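None of these values were measured; they are calculated from a predicted model.
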Amino acid sequence: MDSLRVLLVDDEEELVETLVERLQIRGIHAEGVTRGVDAIQRIREGDFDVVVLDMKMPGLDGLEVIGQLKHDRADIQVILLTGHGSSEDADRGIKAGAFDYLIKPVDIDELIEIIRKAADR
């Protein structure tokens with residue numbers, strides 16, 4: 001599992017730092033950014049297996065980021081995070097190519113389970 005690489009994208013800096021730390025403690029290589037444009041750049045530069053992506057961010061939102069990521073790397077798996085819990089948001093995300101979604105606050109064990117499933121896809 002130590003070869004699994006995850007990029008976390010959320011405009012809540014503390015959440016990103018906490019999730020990165022908790023994933024790394026569990027042996028997952030994790031990096032974090034707080035803007036959609038930075039996520040796109042990191043994907044172009046790095047070799048990530050899974051992106052955990054907030055739906056609602058200033059600038060590029062989650063759906064716009066998914067569209068660009070899937071254009072650049074169709075194989076990358078995206079897990080959406082939403083604090084709004086809207087089934088409409090989830091449906092739009094899945095239609096845009098997301099593997100799955102979670103509602104904040106996220107349970108770390110559930111997140112890891114979904115990351116593993118996404119990486120195995």
Side-chain angles (χ1 to χ4, degrees):
M1 178 135 134
D2 33 344
S3 65
L4 186 58
R5 294 179 47 92
V6 176
L7 180 65
L8 291 141
V9 187
D10 196 302
D11 60 317
E12 295 178 45
E13 191 170 341
E14 283 185 34
L15 175 65
V16 170
E17 290 172 0
T18 300
L19 289 176
V20 164
E21 181 180 312
R22 293 181 79 190
L23 290 174
Q24 288 177 343
I25 287 169
R26 288 164 174 84
I28 297 172
H29 174 85
E31 294 180 32
V33 295
T34 56
R35 298 180 326 149
V37 67
D38 295 332
I40 293 166
Q41 186 63 35
R42 288 298 300 128
I43 292 299
R44 289 178 179 156
E45 295 170 354
D47 185 27
F48 294 95
D49 303 298
V50 177
V51 176
V52 179
L53 175 65
D54 188 19
M55 283 287 291
K56 305 284 185 188
M57 295 183 292
L60 294 177
D61 70 14
L63 292 177
E64 292 170 312
V65 174
I66 288 174
Q68 187 63 49
L69 293 180
K70 289 295 184 173
H71 179 266
D72 292 346
R73 287 224 8 232
D75 64 317
I76 199 150
Q77 299 300 322
V78 178
I79 299 165
L80 293 174
L81 294 180
T82 180
H84 306 283
S86 162
S87 61
E88 291 172 4
D89 281 346
D91 289 343
R92 285 195 309 266
I94 299 298
K95 287 177 184 171
F99 175 77
D100 206 344
Y101 74 97
L102 292 170
I103 297 171
K104 294 179 193 176
V106 63
D107 176 78
I108 191 68
D109 293 323
E110 183 179 8
L111 175 61
I112 290 171
E113 181 180 334
I114 292 174
I115 288 171
R116 286 180 179 157
K117 287 178 182 177
D120 287 342
R121 186 174 219 191

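- By the 6.0 Å contact criterion, CD on Glu14 is open, its count of non-hydrogen atoms from other residues, nucleotides or ligands being 12 or less.
- Within the 4.5 Å cutoff, the side chain of Leu15 has heavy atoms near those of the Lys104 side chain.
- Residues Val9 and Leu7 are in side-chain contact: their nearest non-hydrogen atoms beyond the backbone lie under 4.5 Å apart.
- Contact of the Asp49 side chain with the Val6 side chain is not registered, since no non-hydrogen atoms from C-beta on lie closer than 4.5 Å.
- The CG atom of Leu23 sits 10.5 Å away from atom OG1 of Thr18, with the distance rounded to the nearest 0.5 Å.
- The heavy-atom pair separating Leu4 from Ala119 by the smallest distance is CD1-CB, 3.3 Å.
- Here the CG atom belonging to Leu60 is positioned 9.0 Å from the CZ atom belonging to Arg35, to the nearest 0.5 angstrom.
- Between Ala30 and Leu8, the shortest heavy-atom distance links the atoms CB-CD1, 4.2 Å.
- In plain terms, the two heavy atoms of Ala96 and Leu63 that are nearest each other are CB-CD2, 4.1 Å.
- Between atom CD1 of residue Ile114 and atom CG of residue Asp109 there is a gap of 11.5 Å, rounded to the nearest 0.5 Å.
- Using a cut-off of 4.0 Å between Lys/Arg side-chain N and Asp/Glu carboxylate O, Arg44 and Asp72 are scored as salt-bridged.
- The side-chain contact (heavy atoms from CB on, under 4.5 Å) check on Glu113 picks up Lys117, with sequence neighbours excluded.
- To the nearest 0.5 Å, the span separating CD1 on Ile94 from CG on Asp100 amounts to 5.5 Å.
- Between Ile66 and Met55, every side-chain heavy-atom pair lies at or beyond the 4.5 Å cut-off.
- Within the 3.5 Å criterion, the main-chain N or O of Phe48 finds no donor-acceptor partner in the side chain of Arg42.
- Counting non-hydrogen atoms of neighbouring residues, nucleotides and ligands closer than 6.0 angstrom, the CD atom of Glu13 reaches no more than 12 such neighbours.
- Inter-residue side-chain proximity for Val20 and Gln24 is flagged as met; some heavy-atom pair is nearer than 4.5 Å.
- Leu19 is listed as a side-chain neighbour of Val106, based on a closest heavy-atom distance under 4.5 Å.
- Atoms CD1 and CD, from Ile40 and Gln68 in turn, are 5.0 Å apart once rounded to the nearest 0.5 Å.
- For Asp54 (side chain) and Met57 (main-chain N/O), no donor-acceptor pair under 3.5 Å exists by modelled atom type.
- The NZ atom of Lys56 sits 11.5 Å away from the CG atom of Asp11 when rounded to the nearest 0.5 Å.
- For the residue pair Ile115 and Val50, the shortest heavy atom distance occurs at O-CG2, 3.9 Å.
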